[in-house]
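Every chain is numbered from 1 and lettered A, B, ... according to where its sequence line falls, protein lines coming before strand lines.
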Amino acid sequence: MTEAVLEVRDLRTRFAIHGASIEVVRGVDLAVAPGEVLGLIGESGSGKTVTGLSILRLAPENARVSARSIAVQGQDLQALSDAAFDELRGRRLAMIFQNPVGAFNPAKRVDWHLRQVVIRRQGQDAGWAEAARAALIGVGIPHPDRVLRLYPHQLSGGMAQRILIAMVLALEPDLIVADEPTTNLDNIVERQILALFRRLQGRLSAAFIFITHDMSIAAALCDRIAVMYAGRIVEVGPTAEVFARPRHPYTKGLVATALALKHKAERLKEIAGELPNLAAPPPGCLFAPRCAEVMARCRGEEPPALGPASHRVRCFRVEDA
Amino acid sequence: MPRAALYIAGRLAGALATIAVGALVVFFVMRAASGDPALAVLGENATPEAVAAFRAKHHLDAPLVAQFLIWLAGMLRGDFGLSLTIAGGIPIAQLMAARLPITAFVGLYAVVIAVLISLIMGTIAALRRGRAVDTVATSVAVLGISMPDFWLSYVLVFALALGWKLFPAYGFTSPVDSLAGALYSGFLPALAIAAPMAAVFARMLRTSLLETASREYVVVARSLGFSKPFIFRQYVFRNALIPYVTVIGLQIRYLLGGVVVIERIFGIQGLGSLAVDAAFARDYPTVQACTVVFLGIVLLVNVVVDLVCVALDPRRTL
Ligand SMILES: Nc1ncnc2c1ncn2[C@@H]1O[C@H](COP(=O)(O)OP(=O)(O)O)[C@@H](O)[C@H]1O
Ligand code: SF4
Ligand SMILES: [Mg+2]
């Protein structure tokens, strides 16, 4: 197997809130191969964004991040100083954010942003205007000159997200964490941006972690899917397999919901209940309070990752099968 | 830029209208307060002939509204009338012209000092948030805000002028005569006016820096690998300037109040002391003229501050 672009082992992130310490990322393992798109999926609040930010060492100030290892192309990131990490960001690890409109410097035009990106990549701004135009055309902006002169507040959400994607791609990073890049956009624009991602996927060598709470988006874009629940990866495997034969009861619920949506079923089959309070997590399996297949044992012990290496599941039911 | 020119013209027209209304208020309030200017100036025992002559000379026989319009029309031509008592018979415009550069200098000097102090203190406090420097700076700022100008002036005079003899305690060299002399002799008064303003500005800058530093665009800039100093300058500081400049604009009104008091304390022959002297000497036209000029200065500065805000903030348009 080729070396993973990113390999994360036992990532944990705690927040100190009102004296209490809450672990919202609870031992995440992830590996992304070159050129691969890994979908990170889970309901809102399950810890997807914090996972992405923690990998890039961008978690909020009140967060404490630890891991057994976080390695990019075999290099251990935890050994790096903050200054060395700054060097790495953008060029090797980059992130695309959920709220594109708030991602720009409100005092500066689009051309300023692209110029800074060119300087970041090559140390000087020679040829930046040409590079900026090419970058925008590459993300489907047909008349870049007009757009380059706009201020951020004059951009639509879809336009802002395209530009942000162009900025990240211009840096040619090895791994891009895309955090729900279409969630804040309306349906038509969302489809356009997803089409853009699909188009880019074939052309780019970058690996992606594509964060979403939408199973159908993950199914359309990703090579593999990691399902996150309450700070843990509860199931990870190839997209087709996870979709056709979900093994964790939570994944089954997500897939059923996505299928119901697709067939425009009258009533959505949502998973009843909500995420556990991680300030006082229930003993045993964190999904037990909502699980339709819960057993006595589930309330006593936490299930380890079970099943073949290509398709891991944190559920005791997998042992029985 | 015809649009900018149009905007400025509009703002100036608005300012003129405001000045006219202000002048109206000043005129009638002064009249109501002082009764018959002739009697007020000449005294209760003046002969009827003297009173009649005085009234004729100063157009006091016309109806009040006509008097107001004559006065207003005169001001539009730059004619503010004649001083009554403090410099009897001399055009008020001439009196003010001699003093305007002095007041403008002291005011500007104070603003420059306040901006410099607050930029340094506010930035340090924000960068060292929660540490000792921040706590000290913030406490000093609270002290500065709650301190009246004149109290600080006395402290400064005692310490820097009388104690260490670093600066003169009294008197002022006009910048028209010597810029260096004006900078030297104006330092204590400007500092006394600047200190409370600097405290307000510094607090605003600190708050605003911390607020912009927590914005999402800063995380995005970091995710692109931009350097920390670059992000501080171009993202955090640059955007924090917008509310900072707005606050400076709002404080300018209080600045003029400070100038009036400080000019008296330090014996500076500016517009502020002219107004106060005129008031004591019952020189009503001079008081009116000074008040109108003060109003004009405030309005003008507001236009300038607004233009700076528009230049800083692309979301604001003319
Ligand atoms: N700055 C923070 N301080 C405290 N708690 C936070 C902070 N950011 C996120 N959290 C908590 O961490 C958990 C995971 O959040 P997040 O990663 O944003 O979820 P997701 O992206 O999956 O919707 C949530 O419970 C959220 O409330
Ligand atoms: S371990 Fe038990 S409770 Fe948890 S998901 Fe599996 S069956 Fe449900
Ligand atoms: Mg999120």
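Within the 4.5 Å cutoff, side-chain heavy atoms of B:Phe226 are placed close to those of A:Val117. A:Met167 has its side chain within reach of B:Leu224: a pair of non-hydrogen atoms, C-beta onward, lies under 4.5 Å apart. Proximity of B:Val220 to A:Phe104: side-chain heavy atoms (C-beta onward) are nowhere separated by under 4.5 Å.
Per-residue counts of heavy-atom pairs under 4.5 Å with chain B were compared for A:Pro173, A:Gly90, A:Ala83; the largest is that of A:Gly90. Interface check for chain B: of the options A:Asn99, A:Leu171, A:Ile119, A:Val168, the most heavy-atom pairs under 4.5 Å are formed by A:Asn99.
Summarising the local packing, CD of A:Glu87 is surrounded by 12 or fewer heavy atoms from other residues, nucleotides or ligands at distances under 6.0 Å. The number of heavy atoms from other shown groups lying within 6.0 Å of CZ (B:Arg128) does not exceed 12. Other residues, nucleotides and ligands contribute at most 12 non-hydrogen atoms within 6.0 Å of the CZ atom of A:Arg64.
Checking B:Asn239, B:Ile242, B:Asp313, B:Thr212 one by one against A:Pro106, the side chain to side chain contact (heavy atoms under 4.5 Å, CB included) holds for a single residue, B:Asn239.
Here the straight-line distance linking atom CZ of A:Arg120 with atom OG of B:Ser227 works out to 9.0 Å at 0.5 Å rounding. Taking CD1 of A:Ile176 as the reference point, atom OG of B:Ser223 lies at 10.5 Å (rounded to 0.5 Å). The distance from atom CD of B:Glu216 to atom CZ of A:Phe97, rounded to the nearest 0.5 Å, is 7.0 Å.
Contact of B:Arg238 with chain A is made through the side chain alone, with heavy-atom distances under 4.5 Å.
Using a 4.5 Å cut-off between non-hydrogen atoms, the part of residues 52-59 of chain A that approaches chain B consists of A:Leu53, A:Leu56, A:Arg57, A:Leu58. Listed in order of number, the residues of residues 108-116 of chain A that approach chain B to under 4.5 Å between heavy atoms are A:Lys108, A:Trp112, A:His113, A:Gln116. Heavy-atom neighbours of chain B within the stretch residues 152-166 of chain A, taken at a separation under 4.5 angstrom, comprise A:His153, A:Leu164.
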Under the side chain to side chain contact (heavy atoms under 4.5 Å, CB included) criterion, do B:Lys228 and A:Asp86 qualify, and how do the steps go? CA-CA 8 Å; B:Lys228 280 227 169 82; A:Asp86 286 347; 4.0 Å; yes
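Considering only residues two or more places apart in sequence or on other chains, B:Arg129 meets the salt bridge (Lys or Arg N to Asp or Glu O under 4.0 Å) condition with A:Glu61.
Side chains of A:Asn105 and B:Gln234: a donor-acceptor N/O pair is absent below 3.5 angstrom, by distance only.
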